[in-house]
Structure formats: C-alpha cells, structure tokens
Amino acid sequence: QVQLVESGGGLVQAGGSLRLSCAVSGSAFSLFTMGWYRQAPGKQRELVAQITTGGYINYATSVKGRFTISRDTAKNTVYLQMSNLKPEDTAVYYCNANRLSSGTNYWGQGTQVTVSS
C-alpha cells in the first residue's frame, strides 16, 4: 500500500511563499505521475501542477510563473514551491500519485494553505 504524507502548509500573507512536500512510501515512486491538487470551500478539486515520470510538467494557468513542482526520486518526495501567493490560492492542497498503466491512484490527507490579504 502506498501512503502519501503532505507537509508545509500554513498561514501566509499575500505575496509570501510556502513550500509543500509530499513524502511517498514504498519503492514505486519513480513509476508514478505526481500531482498537486487543491480544493477551496464550495469549489471542486482542481489540478494545480503535475510532473510525469519523464519530467514533463503541467501547470494550471492560474499558478504559472508563481508555482514550481519538482520531484526528488532519491527521497521519494514531490515538492510544490509557491511564491507570490494570493488570497485566491487559499485551499486544502492534496498530493496525488497516479499510475495509468496499473490503474492505481493515491491521495494524501491534505494540507491547509491560507493566504491573508
């Protein structure tokens, strides 16, 4: 069983920065496409950023130029560096591990990010 544990959320003022981390248990980290999603109150969960096993990266339009996703295979960890944060970035952020070839999909428990104006 794969487990994802997020950390790094918190309260920050607009314009500030945070780095989220997601540690993945097990030895299959390199086989997963890793993603960060977020869900604000009353809204649907949305994709923020995604990085494939081959290093291809995709960002939501709203975070391009402000957020950076990266993965460290040696540490089985994916990161989301968030800069120039805005109040509209406030949400619970979830880490996701997906492997289409096996149909497996895992979620972390979520970490709250709150950006004050």
Side-chain angles (χ1 to χ4, degrees):
Q1 182 71 11
V2 175
Q3 290 186 322
L4 284 62
V5 179
E6 299 114 333
S7 60
L11 173 63
V12 64
Q13 288 188 332
S17 300
L18 283 174
R19 188 176 81 156
L20 305 183
S21 300
C22 173
V24 182
S25 66
S27 60
F29 176 75
S30 62
L31 302 178
F32 288 105
T33 288
M34 300 300 302
W36 287 97
Y37 291 72
R38 67 186 180 187
Q39 187 166 19
K43 294 188 177 181
Q44 289 188 331
R45 190 172 297 188
E46 62 175 358
L47 175 66
V48 176
Q50 194 174 59
I51 182 168
T52 69
T53 57
Y56 176 80
I57 292 174
N58 181 44
Y59 293 104
T61 301
S62 60
V63 307
K64 280 183 180 178
R66 301 188 298 121
F67 291 12
T68 302
I69 189 172
S70 61
R71 64 192 295 164
D72 186 334
T73 302
K75 295 183 179 180
N76 279 15
T77 301
V78 62
Y79 303 97
L80 185 68
Q81 177 67 48
M82 306 184 292
S83 302
N84 191 20
L85 283 160
K86 303 175 181 180
E88 51 263 43
D89 295 318
T90 295
V92 178
Y93 284 70
Y94 296 91
C95 180
N96 174 266
N98 179 268
R99 187 180 176 193
L100 287 176
S101 62
S102 61
T104 50
N105 192 53
Y106 301 97
W107 292 94
Q109 81 285 357
T111 185
Q112 177 71 46
V113 171
T114 302
V115 184
S116 63
S117 57

Got a sec, which residues hit side-chain contact (heavy atoms from CB on, under 4.5 Å) with Ser25, two or more places apart in sequence or on another chain?
->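 Result, side-chain contact (heavy atoms from CB on, under 4.5 Å) vs Ser25: Gln3.
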Let me confirm one number: the [atom1]-[atom2] distance from [X] to [Y], rounded to the nearest 0.5 Å.
X     : Y      : atom1 : atom2 : result
Leu80 : Thr111 : CG    : OG1   : 11.0 Å
Phe32 : Arg99  : CZ    : CZ    : 6.5 Å
Glu88 : Thr90  : CD    : OG1   : 8.5 Å
Leu31 : Phe29  : CG    : CZ    : 10.5 Å
Tyr79 : Asp72  : OH    : CG    : 5.0 Å

Under 6.0 Å from the six-membered ring centre of Tyr94 and within 45° of its axis: does the NZ or CZ of Arg45 meet both?
->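 The answer is yes; both the distance and angle limits are met.
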Do [X] and [Y] land in one hydrophobic cluster if side-chain heavy atoms of ILVMFWY residues count as linked below 4.5 Å?
X     : Y      : value
Phe67 : Val78  : yes
Val92 : Val63  : no
Trp36 : Val113 : yes
Ile69 : Leu4   : yes

Partners passing side chain to side chain donor-acceptor pair (under 3.5 Å) against [X] (at least two apart in sequence or in another chain):
X      : answer
Ser102 : Thr104
Ser17  : none
Ser30  : none

Apply the test side-chain contact (heavy atoms from CB on, under 4.5 Å) to residues Met82 and Tyr93: give CA-CA distance (whole Å), side-chain angles for both, the deciding distance (0.1 Å), then the verdict.
-> CA-CA 12 Å; Met82 306 184 292; Tyr93 284 70; 3.9 Å; yes
Indicate yes or no: at least one non-hydrogen side-chain atom of Met34 is less than 4.5 angstrom from one of Cys95.
->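 A side-chain contact under 4.5 Å exists here.
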Quick one: are Asn96 and Asn105 in side-chain contact, heavy atoms under 4.5 Å?
->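 The answer is yes; the side chains approach within 4.5 Å.
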Got a donor-acceptor contact below 3.5 angstrom from the Ser62 side chain to the Ala60 backbone?
->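 Answer holds: no.
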Would a distance-only check, ignoring hydrogens and angles, find a side-chain to backbone donor-acceptor pair under 3.5 Å from Glu6 to Leu20?
->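 Answer holds: no.
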What are the two closest heavy atoms between [X] and [Y], and how far apart are they?
X      : Y     : answer
Ala91  : Ala40 : CB-N, 3.8 Å
Asp89  : Arg66 : OD2-NH1, 2.8 Å
Tyr106 : Gln1  : CE2-NE2, 3.8 Å

Result block: side-chain N/O donor-acceptor pairs under 3.5 angstrom for residues 48-57, not counting sequence neighbours:
unit_1, atom_1, unit_2, atom_2, d
Thr52, OG1, Gly54, N, 3.3
Thr52, OG1, Gly55, N, 3.4
Thr52, OG1, Tyr56, N, 3.0

Taking the six-membered ring for Trp, are Trp107 and Tyr37 parallel (under 30°), tilted (30 to 60°) or perpendicular (over 60°)?
->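 Correct class here is perpendicular.
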By salt bridge (Lys or Arg N to Asp or Glu O under 4.0 Å), which residues pair with Glu46, not counting sequence neighbours?
->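 Listed in chain order: Arg38.
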